[in-house]
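Some notes on the structure that comes next.
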Amino acid sequence: MDTAGLRRVVGLSAAAVAAIQATTAVVALRKGRRDYADVAWGPGLAAVAVTGALAGRGDARRRWALAAAVTAWAARLEHQMLGRVRGSDEEDPRYTEFLDGDSTAAVIGKVFVTQGLCQLLVSVPVQVAAASALPRTARRWLVPAGLAVMAGGAVIEALADRQKTEYSKQDEDERPDVLDTGLWGWSRHPNYLGDSLVWDGAWLTAAASSPGGWTLAAPALMSYLLMFATGAKRTEQRMQDRPGYRDYQRRVAFFFPRPV
């Protein structure tokens with residue numbers, strides 16, 4: 001691994017993430033919509049991947065393939081998040097509950113600084129891959145395998161989001177109490193599952209080089225965040241009183257899928 005190159009990638013990635021988070025924080029606080037933080041998640045990770053591709057000296061095809069994969073994933077997610085924020089005049093209840101009574105400094109620390117640090121930690125495999133050479137062994141096949149997992153995860157996430165959007169568009173008097181068809185009949189959070197697979201695939205791609213294999217904590221952190229911190233568990237807490245939701249919890253797997 002090119003250690004000097006890795007330091008360069010890490011430093012420039014940190015600067016890019018800091019700029020995105022700072023800009024988002026200013027806009028969010030001025031508009032009184034702290035949920036604008038969601039809009040910065042995808043672009044921050046894409047910025048890291050592109051920075052790695054530009055500043056890294058590792059295998060060129062891998063670092064640019066990762067940059068393309070992460071950017072494509074981030075672009076779709078950004079479209080999704082922007083639509084959600086623009087489609088409502090009220091702040092996401094998750095942020096209102098989490099930040100109730102907090103000062104501006106506390107909001108910046110708890111939301112924007114924390115999110116920036118998470119972006120840098122989750123993207124460690126991408127950063128390491130950007131500064132690592134590929135071995136001349138069969139291990140090189142982890143690159144296309146990892147990219148395939150990333151693509152599969154992105155498709156699952158996009159399809160789950162689309163199914164959820166179509167469900168939301170149905171007339172309230174006609175639609176079921178709970179979305180339990182399609183991917184939502186296999187997992188209660190297939191969109192988060194797909195997101196997790198994207199970063200599992202990024203790690204697998206990086207693991208084609210031995211230094212990348214040591215970054216397993218990064219996708220583990222992403223899975224933890226999606227399942228227990230900002231994602232699935234918090235969503236379920238808000239859904240408990242919805243008619244039919246407790247029955248849905250009994251019938252359908254929490255995260256890893258199984259058929260109804």
Side-chain angles (χ1 to χ4, degrees), residues 10-49 51 70 73-124 127 157 161 164-165 168 188-189 191-196 198-199 217-242 245 249 254-255:
V10 171
L12 292 173
S13 295
V17 167
I20 290 171
Q21 292 296 334
T23 301
T24 307
V26 169
V27 175
L29 293 173
R30 283 181 177 176
K31 291 184 174 293
R33 289 287 303 271
R34 297 161 297 186
D35 58 348
Y36 274 37
D38 286 347
V39 178
W41 181 248
L45 290 166
V48 173
T51 297
V70 174
W73 164 83
R76 190 212 65 86
L77 181 64
E78 179 73 356
H79 178 75
Q80 180 84 11
M81 293 296 102
L82 281 173
R84 183 179 300 172
V85 170
R86 291 171 176 170
S88 174
D89 294 328
E90 297 182 357
E91 183 177 76
D92 188 319
R94 293 178 302 160
Y95 285 87
T96 305
E97 296 166 7
F98 178 57
L99 301 170
D100 183 36
D102 283 344
S103 65
T104 298
V107 171
I108 291 172
K110 291 171 69 173
V111 177
F112 300 99
V113 173
T114 300
Q115 180 170 248
L117 291 173
C118 286
Q119 285 173 321
L120 291 172
L121 291 173
V122 164
S123 63
V124 164
Q127 297 173 58
E157 183 180 13
D161 282 339
K164 186 176 181 180
T165 298
S168 300
R188 299 202 299 273
H189 303 281
N191 50 346
Y192 292 136
L193 173 65
D195 197 342
S196 177
V198 169
W199 294 95
L221 172 63
M222 178 60 105
S223 295
Y224 172 80
L225 292 173
L226 291 169
M227 284 191 281
F228 303 113
T230 60
K233 280 294 185 182
R234 191 175 292 274
T235 299
E236 297 219 338
Q237 289 171 2
R238 301 199 323 272
M239 298 287 287
Q240 288 299 307
D241 295 331
R242 174 173 290 192
Y245 196 76
Q249 288 178 305
F254 169 62
F255 197 77

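The structure displayed is predicted, hence computed values, not measured ones. The first residue in the sequence is number 1, and the count goes up from there.
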**Residues V48, V70; criterion side-chain contact (heavy atoms from CB on, under 4.5 Å); working and verdict** = CA-CA 9 Å; V48 173; V70 174; over 6 Å; no

**Item:** Pair S196-F255, side-chain contact (heavy atoms from CB on, under 4.5 Å): steps then yes or no
**Value:** CA-CA 10 Å; S196 177; F255 197 77; 4.1 Å; yes

**Request:** Tell me, with the steps shown, if M222 and V198 meet side-chain contact (heavy atoms from CB on, under 4.5 Å).
**Result:** CA-CA 10 Å; M222 178 60 105; V198 169; over 6 Å; no

**Pair T24-V39, side-chain contact (heavy atoms from CB on, under 4.5 Å): steps then yes or no** = CA-CA 8 Å; T24 307; V39 178; 5.5 Å; no

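If you run side chain to side chain donor-acceptor pair (under 3.5 Å) between D38 and each of R94, R84, Q115, only R94 comes through.
Of all non-hydrogen atoms in I20 and A40, the two that sit nearest each other are CG2-CB, 4.0 Å. Closest heavy-atom contact between M227 and A232: O-CB, 3.6 Å. Among all heavy-atom pairs drawn from W73 and G42, the shortest one is CZ3-CA, 4.2 Å. S123 and W199 get closest at one heavy-atom pair: CA-CZ3, 4.4 Å. In terms of heavy atoms, Y36 sits closest to A28 at CB-CB, 3.7 Å. Here the closest non-hydrogen pair linking L226 and Y192 is CD1-O, 3.4 Å.
We find the CG-CG distance between L121 and L225 to be 9.5 Å, quoted to the nearest 0.5 Å.
For Y224, the ring-ring contact (aromatic ring centres under 6.0 Å, His included) partners two or more places apart in sequence, or in a different chain, are F228. R76 meets the salt bridge (charged side-chain N to carboxylate O under 4.0 Å, His left out) test with E157, D161; sequence neighbours excluded. Judged as a ring-ring contact (aromatic ring centres under 6.0 Å, His included), and not counting sequence neighbours, the contacts of Y245 are Y248. In terms of the salt bridge (charged side-chain N to carboxylate O under 4.0 Å, His left out) criterion, residue partners of R33 (sequence neighbours excluded) are, by chain and number, D35.
Applying the side-chain hydrogen bond (donor to acceptor under 3.5 Å, both in side chains) test to pairs two or more places apart or on separate chains, those with a residue in residues 97-106 are D102-K110. Pairs engaging residues 10-19 under the side-chain hydrogen bond (donor to acceptor under 3.5 Å, both in side chains) rule: none recorded [sequence neighbours left out].
Looking only at distances, a side-chain donor or acceptor of Q127 sits under 3.5 Å from a matching main-chain atom of L120.
Relative to the ring axis of F98, R34 does not place its NZ or CZ within 45° and under 6.0 Å from the centre.
Taking a 6.0 Å sphere around CD of Q240, one finds it holds more than 12 heavy atoms contributed by other residues, nucleotides or ligands.
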